[in-house]
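First the structure, in the form of structure tokens, and then the observations on it.
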Amino acid sequence: MTLANAVPAAGISDDDMLAFLVQIGILLAVAVLLGRLAARIGLPAVVGELSAGVLLGPTLFGEPLVTLASPSGSPNGPMNLILAVAQFGVLMLIALTGGHVDLPGMRRSRRALAFVSTGSVVLPLAAGVGLGLLLPAWLRGPTADPTTFALFTGVAIAVSALPVIAKTLIDLQLLHREVGQLIVGAAAISDIIGWLLLSAVSTMVVAGGGLGSVGLSVVYLLGTLVVTVVVVRPLGRVLLDRSSRSPHPEVGTAVVVVLVVACAAGTLVLGLEPILGAFLCGLAIGSLGRHARGYLESLRPVVMSFLAPLFFATAGLKLDLGVLAHGPTLLVAVVAVLIASVAKLCGGYAGARVGGLSHRTGLAIGAGLNARGVVEIVIATVGLQLGILSPAMYAIVIVVAVATSVMTPPLLRLATRGIPTTDAERAREQRFSPSPS
């Protein structure tokens, strides 16, 4: 076909554009408002942001107030545009999460962290897989067999949410404490393992679940880790060092965005979750030092004020809490919250005790790692999109994410009440406290 005969690409209609602008404005306004309200009453902001989608979705009125349909009937309607923006936002959010991982700090406490991380992941993973095997078939999505559904349930139960945990520790003034450092380190390892497991299970579903596809996914996972170390990290160092010599600081920010998108695209091409690529890219950038992390952190205002609330609001739009009015579904939700909480508490506590930590410290670590928030909401969204979870199971997983995030601050406050503050912790608090203005 010659250029003269080429058919121009169809653009978005005026009606769809108007619907896109109105819907994204409503979603963002309600999400930010409810997020600030949640934070004011001591809850994680993600609870309010997710509630925005629930209020505007099918839970209260049977049909979404923010319509999912295109006014023009186009298959590429306004909600598809909103979902695309939200998915981009979650990639940036996960990259920021990866940038918070303190690798040197994790190396210094590697023995205790090894036991805590193992206990806090293995026991909840086993409990989640067991729960998934026992759950009825009507909770499975259309593409899930019993094995992949059970594995996915195990991953959802096993993870912790580093962003929610870090924010909780800051709010409770525990981040400078040794127990806070251990919780953050274990949560970071849990995140890494969670994204790897999510990619493996997702590959099983997409590729049909054969042993060959699982083995290939493991090879891809290992290759992705190697590429992150030997290619992405050195390339990021070179590009960000050159960006630092530019008089325009936005160049470094653009480099970070391109690197995150490229890594996410790379893992997607391999059949893995793009979230894994974004997380590993953030991890690599964060390991380059404060200057590189500064470029990554420059994304925070836009991500936290616009992209992340939009993502959680769209996640809430897919959630119909009306399914919990069904007695068996509500019972499964209650059981899932109890299993998730007890398994994480016992796993973290057991790992801490084997690692030589005190009884109180073990309880605090188990309580602190219980929050699943952001990470589990992302995992639930992936499970729904891949057809692993039914809408009812999606609602159950979201309930677990919100319930564990809400219960973590009071449990952590109670568990740390009897732990004395050391001189080293006081010195760390002074070192990292902001200078008086």
Side-chain angles (χ1 to χ4, degrees), residues 16-41 43-71 76-97 161 163-164 167 274-275 278 299-324 371-385 389 391 394-406:
D16 281 351
M17 188 62 189
L18 177 60
F20 168 73
L21 294 175
V22 171
Q23 290 175 13
I24 202 171
I26 292 173
L27 275 173
L28 184 60
V30 178
V32 171
L33 177 63
L34 294 184
R36 292 304 89 208
L37 180 61
R40 178 165 294 185
I41 61 178
L43 297 176
V46 64
V47 174
E49 292 162 356
L50 186 68
S51 300
V54 174
L55 290 175
L56 297 172
T59 297
L60 296 180
F61 302 101
E63 294 182 0
L65 292 183
V66 175
T67 178
L68 300 177
S70 166
N76 300 314
M79 186 48 64
N80 283 340
L81 298 178
I82 293 175
L83 292 175
V85 175
Q87 289 299 315
F88 174 77
V90 79
L91 294 179
M92 296 300 111
L93 176 64
I94 297 304
L96 282 172
T97 302
V164 174
K167 180 64 165 54
I275 291 168
L299 295 171
R300 178 173 294 277
V302 173
V303 172
M304 301 308 292
S305 65
F306 167 51
L307 294 174
L310 183 64
F311 169 76
F312 294 123
T314 58
L317 279 177
K318 305 170 191 172
L319 178 60
D320 183 2
L321 291 180
V323 300
L324 297 179
R372 288 163 176 84
V374 176
V375 176
E376 189 156 28
I377 292 170
V378 174
I379 288 176
T381 304
V382 172
L384 187 66
Q385 290 172 344
L389 304 181
Y394 174 77
I396 290 169
V397 176
I398 296 294
V399 167
V400 172
V402 173
T404 55
S405 298
V406 169

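All residue numbers in this chain count up from 1 along the given sequence.
Phe311 contributes atom CZ, which lies 7.5 Å from atom CD1 of Ile377 (distance to the nearest 0.5 angstrom). The structure places CG of Leu27 at 12.0 Å from CD of Glu49, a figure rounded to the nearest 0.5 Å. Between atom CZ of residue Phe88 and atom CG of residue Leu83 there is a gap of 15.5 Å, rounded to the nearest 0.5 Å. Atom CG of residue Leu389 and atom CD1 of residue Ile396 lie 9.5 Å apart, to the nearest 0.5 angstrom. Separating the CD1 atom in Ile82 from the CG atom in Leu21 is a distance of 9.0 Å, to the nearest 0.5 Å. Atoms CD1 and CG, from Ile379 and Leu384 in turn, are 14.0 Å apart once rounded to the nearest 0.5 Å.
The shortest heavy-atom contact between Ala278 and Leu91 is CB-O, 3.5 Å. The two residues Leu34 and Ser51 have their closest heavy-atom pair at CD1-C, 4.0 Å. Of all heavy-atom pairs between Ala308 and Leu93, the closest is CB-CD2, 4.3 Å. Counting all heavy atoms, side chain and backbone alike, Ile26 lies closest to Leu56 at CG2-CD1, 3.9 Å. Of all heavy-atom pairs between Pro309 and Ala31, the closest is O-CB, 3.8 Å. Here the closest non-hydrogen pair linking Ser405 and Arg372 is OG-N, 3.7 Å.
Under the side chain to side chain contact (heavy atoms under 4.5 Å, CB included) criterion, Leu299 pairs with Met92, Thr253, Val256, Val257, Leu296, Val303, sequence neighbours left out. For Arg300, the side-chain hydrogen bond (donor to acceptor under 3.5 Å, both in side chains) criterion is met by His100, Glu297, not counting sequence neighbours.
A 4.5 Å side-chain heavy-atom check between Leu307 and Val302 finds at least one atom pair inside the cut-off. Under the 4.5 Å side-chain criterion, counting only non-hydrogen atoms from C-beta, Phe306 is not in contact with Val32. Considering only heavy atoms from C-beta on, Val85 stays 4.5 Å or farther from Thr314 through its side chain.
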